[in-house]
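First the structure, in the form of structure tokens, and then the observations on it.
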Amino acid sequence: MTAQDKIYDLIGVGVGPFNLSLAALLDEMDEVDSLFFEKKKHFEWHPGMLIEGTKLQVPFLADLVTMADPTNIHSFLNYISKNDRMYQFYFLQRLDIPRREYNDYCQWASRRIESCQFAQRVSSIRHVKEQTDYFEVVVEDLSSEELNTYKAKHIVMGTGSVPTMPKSFKELPKKDVFHTADYIPNQERCRSAESVTVVGSGQSAAETFRELLKEQRECGFRLDWITRSPGFESMEESKLSLEHFSPDYVKYFYQLPQKDKDEIFATQGLYYKGISNHTIDDIYNLLYEYSIGEEKIDTGLQVLSEVNGIHPKEEGDGYVLDCYHWQKKEWFKHESDVVITATGYKPYVPGFIHHLSDFLEWDEEGRYKVEADYRLKKTEHVENEIYVHTGISHTHGVGSTNLGLAVHRNKVIINHLLGREVYKLPEKSIFQSFDIE
Ligand SMILES: Cc1cc2nc3c(=O)[nH]c(=O)nc-3n(C[C@H](O)[C@H](O)[C@H](O)COP(=O)(O)OP(=O)(O)OC[C@H]3O[C@@H](n4cnc5c(N)ncnc54)[C@H](O)[C@@H]3O)c2cc1C
């Protein structure tokens, strides 16, 4: 029987950290015959933001497997051990590993897990009713350009997020105006610019600004940072606040009415959108260093100001940003050669999910409905499930995109997939109570 004839237990769409974790956990289980398709040539985790010196924002224990099974061969510590770096890591004494190392670790794991297949883009999925119902998955092999069709009992969608950028910015030359997601390939362009402006004030904006600040003295460009926020606000990182990224909070949040969930989620920006304290410290320390002595640096940090438009300068190179100080209600203009937008990401929900629109349940906002155990809700009773990692903040809350909850989610998915308790789920895993006890 060819790979295309047989019915796999599970086909995964996308190999980012969330599905890679599931593939890693399933790798040791003979009971599940699975394939995971990724359109990139090899595993890559936000490559445009792998800036030297940036750190993973969760402890390395949130690797692909440890929170489910610390003895699993795909653990971060096994990666360190297999690469003969145990003593260096031991003397490093850090939980917050470099982001480049997390990427290297995931690449190492992805090469060892046979079910992960790269340069394979899933282009459509449909549900087929025959003697045995299944999903038909059409996959484009990006090396050979061939289309192959696979069959699966269940699907798991881990397609991640894509950078968002205002339309007027998208229409300008990409070498001058780009998203932070494309920062690394455009570093040389920044170095040769007369002026560079970063727009936005989340973690990516801060990491990009910090890196540019380090390079500014040597390269000599003017550097600006503009945000509409009232300040360069720090992320809420106290230990008790971090308990929002726990299975307990997911469980509490899930059972709230959807209207309440939307209202609560809208107030929780600083749990995930602000800037890490250590990044703010680094930036402040650099600004302070540079303020010593006669030689002043050419840098501006502008808050309370919305960038509402952009157009090329009438004469010469560069762009004019139309800015609005929303407290003073005054417009002003700002000029820059290079503009980097840190305007966030949105879930990438592939078009083929909409082809399954009659098969799935949708809420009034046009978002899919999700069961507590991460299955999309269906309009009819069939044995086939679509599990989902992507676009579930509206149902499962603020921790949905956090690496620290990925393994927990995969434990829930595996328990459902195998119809038994493969992994024991914690009754209570944190100190505080969100629900009435
Ligand atoms: C710059 C940045 C830094 C971050 N840092 C942290 C952090 O330190 N800690 C933390 O907890 N969270 C962090 N996050 C949050 C983020 O949710 C996770 O980092 C993580 O990438 C999510 O994993 P994922 O598997 O859902 O998605 P992704 O990593 O986005 O992977 C999804 C994959 O699906 C593939 N794909 C999409 N469509 C198809 C298709 N049709 N066919 C085949 N493949 C497809 C894509 O090519 C992609 O490789 C960060 C996010 C960003 C943007």
Side-chain angles (χ1 to χ4, degrees), residues 11-24 35-51 54-64 67 95-103 106-107 110 116-125 137-142 150 155-164 179-184 200 202-208 235 237 242 244-245 271-273 276 278-279 342-353 355 374 387-393 398-407 409-410:
I11 283 187
V13 189
V15 181
F18 292 170
N19 260 348
L20 182 58
S21 158
L22 183 57
L35 277 182
F36 290 79
F37 294 117
E38 166 57 51
K39 62 184 175 184
K40 291 181 193 153
K41 281 196 196 124
H42 54 85
F43 182 93
E44 269 190 314
W45 186 61
H46 309 308
M49 281 301 291
L50 289 181
I51 301 170
T54 53
K55 301 188 272 194
L56 197 65
Q57 284 176 276
V58 289
F60 76 84
L61 294 166
D63 66 7
L64 301 168
M67 302 286 261
L95 286 173
D96 57 346
I97 55 172
R99 211 146 63 210
R100 289 172 55 246
E101 186 173 36
Y102 177 73
N103 184 52
C106 289
Q107 290 183 338
S110 70
C116 293
Q117 306 214 347
F118 291 86
Q120 304 287 327
R121 191 178 72 85
V122 174
S123 56
S124 88
I125 297 183
V137 183
V138 179
V139 184
E140 185 187 355
D141 183 324
L142 299 176
Y150 296 83
I155 300 290
V156 56
M157 205 169 75
T159 45
S161 56
V162 285
T164 54
H179 194 276
T180 44
D182 295 317
Y183 172 61
I184 294 284
Q203 182 64 18
S204 292
E207 286 173 359
T208 307
M235 203 173 312
E237 291 177 311
L242 291 179
H244 280 87
F245 299 96
Y271 289 133
Y272 67 102
K273 275 191 191 161
S276 273
H278 71 83
T279 315
T343 37
Y345 294 77
K346 66 172 185 218
Y348 167 70
V349 179
F352 55 73
I353 275 299
H355 303 158
Y374 307 102
Y387 301 94
V388 67
H389 292 290
T390 303
I392 54 170
S393 298
V398 64
S400 300
T401 54
N402 189 284
L403 296 173
L405 275 171
V407 172
R409 187 161 53 235
N410 284 326

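In each ligand, atom 1 is the first atom listed, and ligand 1 is the first ligand listed. Here the structure is a predicted model, which means the values were calculated and not measured.
For atom 34 (O) of ligand 1, the nearest non-hydrogen atom of the protein is Gly14 CA, 3.3 Å. The closest protein non-hydrogen atom to atom 16 (C) of ligand 1 is Thr401 O, 3.5 Å. Regarding atom 29 (O) of ligand 1, its nearest protein heavy-atom neighbour is Pro17 CD, 3.2 Å. Scanning all protein heavy atoms for the shortest distance to atom 31 (O) of ligand 1 gives Gly16 CA, 3.2 Å. Of all protein heavy atoms, the one lying nearest to atom 51 (C) of ligand 1 is His46 NE2, 3.3 Å. Protein heavy atom closest to atom 26 (O) of ligand 1, with residue, atom name and distance, is Phe18 CD1, 3.0 Å. Among all non-hydrogen protein atoms, the one lying nearest atom 37 (C) of ligand 1 is Tyr348 CE2, 3.3 Å. If you check which protein heavy atom lies closest to atom 43 (C) of ligand 1, you get Lys39 N, 3.3 Å.
The ligand atoms of ligand 1 that sit less than 4.0 angstrom from a heavy atom of Gly160 are 26 (O), 27 (O), 28 (P), 30 (O), 32 (C). Residue contact check: Gly158 has heavy atoms under 4.0 Å from atoms 32 (C), 33 (C), 34 (O) of ligand 1. If you number the atoms of ligand 1 from 1 as listed, the ones under 4.0 Å from a heavy atom of Asn402 come out as 11 (O). Near Thr159, meaning under 4.0 Å from any of its heavy atoms, are these atoms of ligand 1: 32 (C), 34 (O), 37 (C), 38 (N), 39 (C). Listed by number with element, the atoms of ligand 1 under 4.0 Å from a non-hydrogen atom of Ser161 are 30 (O). Contact atoms of ligand 1 toward Val58: 11 (O) (distance under 4.0 Å to a heavy atom of the residue). Close contacts of ligand 1 with Phe37, meaning ligand atoms under 4.0 Å from a residue heavy atom, involve 43 (C), 44 (N).
Ligand 1 has Lys40 within reach: a non-hydrogen atom of the residue lies less than 4.0 Å from it. Leu56 counts as a contact of ligand 1, since one of its heavy atoms falls under 4.0 Å from the ligand. Not a single heavy atom of Pro350 sits less than 4.0 Å from an atom of ligand 1.
Here the straight-line distance linking atom CG of Leu50 with atom CD of Glu101 works out to 12.0 Å at 0.5 Å rounding. Taking OG of Ser21 as the start and CE of Met67 as the end, the distance is 11.0 Å to the nearest 0.5 Å.
Judged as a side chain to side chain donor-acceptor pair (under 3.5 Å), and not counting sequence neighbours, Lys273 has no contacts. Judged as a side chain to side chain contact (heavy atoms under 4.5 Å, CB included), and not counting sequence neighbours, the contacts of Val162 are Lys346, Tyr348.
Contact check for Ser276 versus Glu237: side-chain heavy atoms found under the 4.5 Å cut-off. With a 4.5 Å cut-off on side-chain heavy atoms, Phe118 and Ser110 count as touching. Here the side chains of Phe352 and Val13 are in contact, with some heavy-atom distance below 4.5 Å. Asp96 has its side chain out of reach of His278: every pair of non-hydrogen atoms, C-beta onward, lies at least 4.5 Å apart.
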Does His46 form a ring-ring contact (aromatic ring centres under 6.0 Å, His included) with Tyr102? I'd like the steps, not just the answer. CA-CA 11 Å; His46 309 308; Tyr102 177 73; 9.6 Å; no
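Backbone and side-chain nitrogen or oxygen atoms of Val122 are examined, and one is located within less than 3.5 angstrom of a nitrogen or oxygen of ligand 1.
Note on ring orientation: taking the six-membered ring where Trp is involved, the planes of His179 and Tyr345 are perpendicular (angle over 60°, cut-offs 30° and 60°). Between Phe245 and Tyr271, the ring-plane angle classifies as perpendicular under the 30° and 60° cut-offs.
Between the choices Leu20, Leu142, Leu403, the shortest heavy-atom distance to atom 18 (C) of ligand 1 belongs to Leu403. In this comparison of Phe352, Tyr272, Trp45, the heavy atom closest to atom 14 (N) of ligand 1 sits on Trp45.
Ring pair His244/Tyr272: centre-to-centre distance not below 6.0 Å.
Judged by distance alone, with hydrogens and angles left aside, the side-chain atoms of Glu140 form no donor-acceptor pair with the main-chain N or O of Arg121 at under 3.5 Å. With hydrogens and angles disregarded, no donor-acceptor distance shorter than 3.5 Å links the side chain of Arg99 to the backbone of Gln57. Checked by atom type and distance alone, the side chain of Thr159 never pairs as donor or acceptor with a backbone atom of Val349 at under 3.5 Å.
Residue contacts with ligand 1 for Ala62 are absent, since no atom lies close enough (heavy atoms, distance under 4.0 Å). At a 4.0 Å heavy-atom cut-off, ligand 1 touches Glu38 through backbone and side chain alike. Residue contacts with ligand 1, taken as heavy atom pairs separated by less than 4.0 Å, involve Gln57 via backbone and side-chain atoms alike. When heavy-atom distances to ligand 1 are checked against a 4.0 Å cut-off, Gln120 comes that close only through its backbone atoms N, CA, C and O.
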